[in-house]
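Worksheet: the structure to be examined is printed underneath.
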Amino acid sequence: MFLMIESKIKEALLKNSQSFLGVDISSCPIQFQKTRKDVDGDITLVVFPFVKILKCSPKDAGDKIGDFLDHEIPEIKKTEAINGFLNISLSDTVWLNEIEKIYGNPSFGFSNKNSKELIMVEYSSPNTNKPLHLGHLRNIFLGDSVSEILKANGHKVVKTQIINDRGIHICKSMLAWKKFAPLNKHEEKETPNNTGIKGDKFVGKYYVEFEKHLKVETELILKQWDKHNFEDFDKSLVKNVLEIKATEKTDKLIELARNSTSLMQEAKQLLILWEARDPEVYLLWETMNAWVYNGFEKTYEKMGVNFDKYYYESQTYEQGKEVVSKGLNKRVFFKKQDGSIWINLEEDGLDNKLLLRSDGTSVYMTQDIGTALDRFHDFPEMQGMIYTVGNEQDYHFNVLFLILKKLGYSWAQNCHHLSYGMVDLPTGKMKSREGTVVDADDLMNEVINKAAETTKERGHLDSMTKLDKEDLFKTIGLGGLKYYLLKVDPKKRMMFNPDESIELTGNTGPFIQYTYARILSLINKGKFEFQAVHSEPILSEEKEVIKHLIEFPNVISESAKNLSPAIIANYLYELVKLYNHFYQSIPILKEKNEDKKSFRLAMSSSVANAIENGLKLLGIKAPEKM
RNA sequence: GGCCCCGUGGCGCAACUGAAUAGCGCAUCAGAUUUCGGCUCUGAGGGUUACAGGUUUGAAUCCUGUCGGGGUCACCA
């Protein structure tokens with residue numbers, strides 16, 4: 001709750017406590033909260049904190065303060081002290097004034113644009129070998145929503161991602177395509193273009209293909225080893241194998257066999273060629289990446305998500321080495337005898353961490369340091385960064401931010417890891433090996449089709465064109481999906497139930513969208529002018545809606561502070577429920593008194609506006625009809 | 001094993017960061033409508049907030065321990 005009247009009461013108390021209580025209370029917290037539903041009152045002052053210095057019972061303290069406020073503040077109708085709580089009833093005009101302010105303010109809840117510093121938000125950041133799945137959806141919706149929430153709070157935002165386009169895994173799908181792609185009747189290798197397969201799916205297919213062949217070859221080798229047939233292998237390897245066999249560590253043995261396959265050797269060879277910028281390999285790499293990006297773009301477009309700036313690991317992986325030498329000079333880092341470079345974080349309760357391999361190549365951490373510097377170089381006015389990455393990397397980001405701080409970058413304290421929990425299925429964890437991964441494209445299509453089915457049955461679509469309808473089904477389907485994934489506190493691991501995600505009742509996106517569409521229909525119906533006029537007495541159903549409505553700006557800033565769209569989602573749901581309760585029990589268009597009718601319409605319109613603004617922050621559209 | 005996160009009605013989630021009798025949705029049962037768009041609304045049953053201590057006027061929330069679930073501890077990214 002955030003009202004002008006609260007600060008007014010606060011001020012009055014602080015100013016006059018000496019005269020009417022005999023003591024100075026400025027050391028006590030002045031705390032307001034919502035009044036319980038079953039008690040009379042609008043806002044409640046918690047008086048417990050005063051009891052100690054007033055040296056009286058909570059009841060007496062409440063009575064004293066209540067008496068004072070009754071006389072001092074004209075907007076207060078009455079006060080009542082129960083236990084340690086002072087329940088304050090406000091006059092109707094307080095609420096009516098609030099609606100007057102809210103109504104007709106289209107950007108209600110939002111701060112002034114670009115009034116605050118620039119922040120970069122990183123999210124999505126996929127691996128180019130694997131099509132996007134349900135886990136990415138949570139990541140992407142979260143990152144995108146948080147970006148919008150920060151904007152609504154006045155920040156400038158750069159949305160970005162870092163694409164993992166380099167390394168041995170890419171070489172695997174490149175190799176598989178080279179070796180195994182079939183020719184079509186024109187003697188051409190199959191491509192996304194000549195097969196019609198979406199680019200990211202196409203490349204993903206060859207990654208799986210590689211793993212399949214690799215498995216076969218690995219098993220052959222293991223069998224050979226079992227029979228002590230070591231003819232094809234060099235001596236040092238054989239020695240290694242025998243040692244591991246003695247320890248019976250099968251995992252390690254399999255790992256060794258995998259690395260001994262000709263396929264793996266070829267893939268490694270490709271990586272070396274790539275790093276040497278071999279023209280043929282590089283061209284293949286660029287071609288296949290282009291396929292993937294094309295596929296990803298289609299998915300992002302369907303999601304209604306976009307990015308301002310892309311970073312590619314292939315361009316940043318060498319960065320950070322410079323920082324390492326700087327860190328060495330500052331003695332933040334140290335060098336081991338073999339030439340590898342480390343940082344000792346034991347004082348901070350963490351371990352030693354490697355920053356540069358003995359062969360001089362960089363690791364993940366080094367790259368991330370380099371990328372961070374790169375970004376601050378690209379956007380000098382930037383004040384902070386938010387990394388949307390799963391919570392399995394909590395440790396990594398703790399270390400990263402700590403290193404940046406130790407290197408003396410002041411902005412490091414404004415770097416946050418937006419850490420989110422895994423998405424589980426009712427059947428358990430998603431596992432690619434068991435084929436239980438939910439594909440992002442498939443899921444979106446399913447949800448949109450379902451929305452089409454139910455909306456056709458019950459909707460008000462007669463006047464709509466085919467294109468409009470398709471758009472609407474997308475709005476509803478994706479709205480449901482986004483809401484489902486965003487309504488849960490990001491930090492928490494969550495359960496994704498495919499059946500529930502397409503439900504339309506209960507705490508769902510479409511439920512909120514429906515209420516919005518109904519209000520708009522209400523307002524359009526009469527097509528007459530109305531304004532926020534005063535209408536007393538105000539009914540409790542109305543007051544409940546208004547009370548909740550005025551919290552909206554506060555909710556938006558809370559959600560930014562906590563980097564949590566869930567706060568907005570839950571707020572909207574509550575607002576919609578309160579409004580539906582009002583709608584069900586109080587006539588609006590049928591009301592004969594013009595002032596009351598006008599007031600209720602203005603209030604409804606304000607609610608619709610808040611819904612639209614709130615949904616926008618979740619990346620969800622509010623349909624006029626559905 | 002060390003470190004980090006999490007345990008809230010059958011299931012899925014809330015609780016304004018310490019406040020009054022712990023809310024909501026699904027599911028179950030019982031009701032409301034000559035509709036302002038029923039994808040709505042009202043009501044009922046269902047809880048010792050994993051367990052045991054502690055701090056506090058006040059604990060789901062903070063501290064300690066136990067149990068259970070997950071993550072992480074690579075010269076992978």
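A note on names: the letters A, B, ... follow the listed sequences, proteins ahead of strands, and every chain is numbered from 1. The figures that follow rest on heavy atoms only: side chains count, while hydrogens, waters and symmetry mates do not.
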Heavy atoms under 4.0 Å, any strand shown: does Q31(A) hit a base, just sugar-phosphate, or nothing? base

So does D338(A) reach the base of C75(B) with its side chain, donor to acceptor, closer than 3.5 Å? yes

Classify the side chain of D489(A) versus the base of A15(B) as yes if they form a donor-acceptor pair under 3.5 Å and no if they do not. no

Examine A77(B): is either OP1 or OP2 under 4.0 Å from a nitrogen or oxygen in the side chain of H169(A)? Give yes or no. no

ring centroid sep under 5.5 Å plus plane angle under 30, Y514(A) with C39(B): yes

Scan E313(A) against the nucleic acid and name what it touches under 4.0 Å (heavy atoms): base, sugar-phosphate only, or nothing. sugar-phosphate

Side-chain N or O of K353(A) less than 4.0 angstrom from OP1 or OP2 on C75(B)? no

Just to confirm, is there a sub-4.0 Å distance from OP1 or OP2 of G23(B) to any side-chain nitrogen or oxygen of K37(A)? no

Just to be sure I follow the notation: if a pair is Watson-Crick (purine N1 to pyrimidine N3 plus N6-O4 or O6-N4) or a G-U wobble (N1-O2 and O6-N3), each under 3.5 Å, what dot-bracket string does RNA chain B give, with | for pairs to another strand? (((((((..((((.....[...)))).(((((.......))))).....(((((..]....))))))))))))....

Quick check on the 6.0 Å ring-centre criterion: do F48(A) and F85(A) meet it? yes

Any side-chain N or O of S358(A) below 4.0 angstrom from OP1/OP2 of C75(B)? no

Think N580(A) has a side-chain N or O under 4.0 angstrom from the OP1 or OP2 of C41(B)? yes

Distance test, side-chain N/O of R357(A) to OP1/OP2 of C76(B), below 4.0 Å: yes

Assess whether one donor atom and one acceptor atom, taken from the side chain of E392(A) and the base of U72(B), lie less than 3.5 Å apart. no

Can you tell me how far P in U48(B) sits from the matching atom in U8(B), rounded to whole Å? 13 Å

For K429(A) and G71(B), is the shortest distance between a side-chain N/O and OP1 or OP2 below 4.0 Å? yes

So, is K525(A) close to the G37(B) phosphate, meaning a side-chain N or O under 4.0 Å from OP1 or OP2? yes

Could you tell me how far U28(B) sits from A60(B) if I compare only their P atoms? Round to whole Å. 32 Å

When the aromatic ring centroids of F401(A) and H417(A) are compared, is their separation below 6.0 Å? no

